[in-house]
Undergrad: 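Shown below is the structure under consideration.
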Amino acid sequence: MNLSEEQIERYSRHIILSEVGVEGQERILAGKALIIGLGGLGSPAALYLAAAGVRTIGLVDGDNVELSNLQRQVIHFSPDVGKPKVISAQEKIKAINPDVKVSTYQERVYADNIRDIIKEYDFIIDGTDNFAAKFLINDACVLAAKPFSHGGILRFDGQAMTYKPGEACYRCVFTAPPPKGAVPTCSQAGILGAVAGMLGTIQAAECLRFLIGKGDLLVNRMLIFDALRMKFREVAFKRNPSCPICGKNPSIKELRDEEEPACDLKKKA
Amino acid sequence: MKIKINGREQEVSVTDLSIAGLLKIAKVESAEMVSVQLNGCFVDKADTDKTFVKDSDEVDFLYFMGGGV
Ligand SMILES: [Zn+2]
């Protein structure tokens with residue numbers, strides 16, 4: 001790949017980084033990333049991946065933009081209310097960077113469609129709002145040996161970890177979804193918009209560093225922050241031998257849908 | 001005894017303290033909300049009242065966070 005003059009100028013602040021350079025930028029320009037959920041996490045992630053020049057960005061979301069989304073879902077603007085999120089996001093990505101190819105999937109992920117959706121991507125960003133989707137994404141990525149970034153937010157708190165094939169997965173940490181109602185959801189508990197932005201941006205940085213192949217990803221560790229006190233901490237872990245999907249005797253051998261999304265207060269459009 | 005909870009050293013005066021007991025002391029509302037790591041190994045949810053902490057143990061609570069919306 002030969003960068004055009006325009007590309008050299010557009011990506012000059014990346015190229016000047018010794019860890020990125022022309023080679024790293026070319027890797028980004030050849031990369032394919034999938035963002036599942038275009039909410040508080042997926043919005044900033046999509047903006048940064050688009051600006052960085054990721055070649056193909058897949059967008060998965062079945063919802064339409066609602067007024068209450070705009071406090072944190074920064075890829076959607078006021079005139080987008082009522083529009084499918086994948087279309088709203090696609091328009092912004094195209095406006096930021098016409099180089100980027102966008103594939104839209106106006107649907108939710110389920111056990112019977114996720115495998116086909118993730119198949120052609122190099123890296124997956126989980127920006128979903130419910131445990132059914134989070135566990136499904138983990139299972140699909142473990143079974144298909146695809147790296148992905150997990151992100152979770154609640155109130156002022158955020159957590160992120162990255163799965164790479166052969167390393168600890170989300171189920172190594174959280175064996176199974178919590179019982180319904182045990183963990184409050186964002187619509188019940190609230191979320192500071194900027195906290196979603198911090199975490200979605202961390203997820204974008206994981207994806208970009210994965211594509212470039214530099215630095216230490218959040219593999220085998222969870223980054224946890226409390227933005228009310230603005231403190232970050234990290235918990236290291238290893239693969240869990242009793243993990244139900246990547247452990248010694250896995251009980252999960254095929255994909256299935258977990259019950260009931262966590263953010264069940266929200267009515268489907 | 002001194003134990004490290006979420007990276008912070010804390011003095012605990014209770015003896016024969018189980019993980020389940022520690023969750024209560026640490027005011028974790030429900031054991032369902034967290035995954036517990038003891039000295040780098042995850043504690044099975046079914047074993048929280050059979051697993052005991054001792055001096056200089058390190059315990060981490062990892063909370064479920066589902067939101068992305
Ligand atoms: Zn695992």
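Every chain is numbered from 1, with letters handed out A, B, ... down the list of sequences.
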Undergrad: Specify which of A:G37, A:G158, A:P178 makes the most heavy-atom pairs with chain B at under 4.5 Å.
TA: A:P178

Undergrad: In terms of heavy-atom proximity below 4.5 Å to chain B, should A:V173 be classed as side chain, backbone, both, or neither?
TA: both

Undergrad: Say you draw a straight line from NZ of B:K45 to CZ of A:F174; how long is it, rounded to the nearest 0.5 Å?
TA: 8.0 Å

Undergrad: Using non-hydrogen atoms only, which part of A:A176 is less than 4.5 Å away from chain B: side chain, backbone, both, or neither?
TA: backbone

Undergrad: Any chance NZ of A:K164 has more than 12 other-residue heavy atoms, nucleotides or ligands included, within less than 6.0 Å?
TA: no

Undergrad: Using 30° and 60° as the class limits, which term best fits the ring planes of B:F64 and A:F131: parallel, tilted or perpendicular?
TA: perpendicular

Undergrad: Taking everything shown except B:D55 itself, do over 12 heavy atoms lie less than 6.0 Å from its CG?
TA: yes

Undergrad: Which atoms of B:E32 are under 4.5 Å from chain A, going by heavy atoms: the side chain, the backbone, both sets, or neither?
TA: both

Undergrad: Find out whether A:I224 and B:N6 are in side-chain contact, i.e. whether some heavy atom of one side chain is under 4.5 Å from a heavy atom of the other.
TA: no

Undergrad: Nearest 0.5 angstrom please: B:D60 CG to A:F237 CZ, how far?
TA: 10.5 Å

Undergrad: First locate atom OG of B:S35, then atom CZ of A:R171, and finally report the distance between them rounded to the nearest 0.5 Å.
TA: 12.5 Å

Undergrad: In terms of heavy-atom proximity below 4.5 Å to chain B, should A:P177 be classed as side chain, backbone, both, or neither?
TA: backbone

Undergrad: What is the distance from atom CZ of B:F42 to atom OG1 of A:T175, rounded to the nearest 0.5 Å?
TA: 8.5 Å

Undergrad: Is A:D126 in contact with chain B via its backbone, its side chain, both, or neither, using a 4.5 Å heavy-atom distance?
TA: neither

Undergrad: Which value, rounded to the nearest 0.5 Å, describes the distance between B:Y63 atom OH and A:L154 atom CG?
TA: 11.5 Å

Undergrad: In Å and rounded to the nearest 0.5 Å, what is the CE to CG distance from B:M65 to A:L199?
TA: 9.0 Å

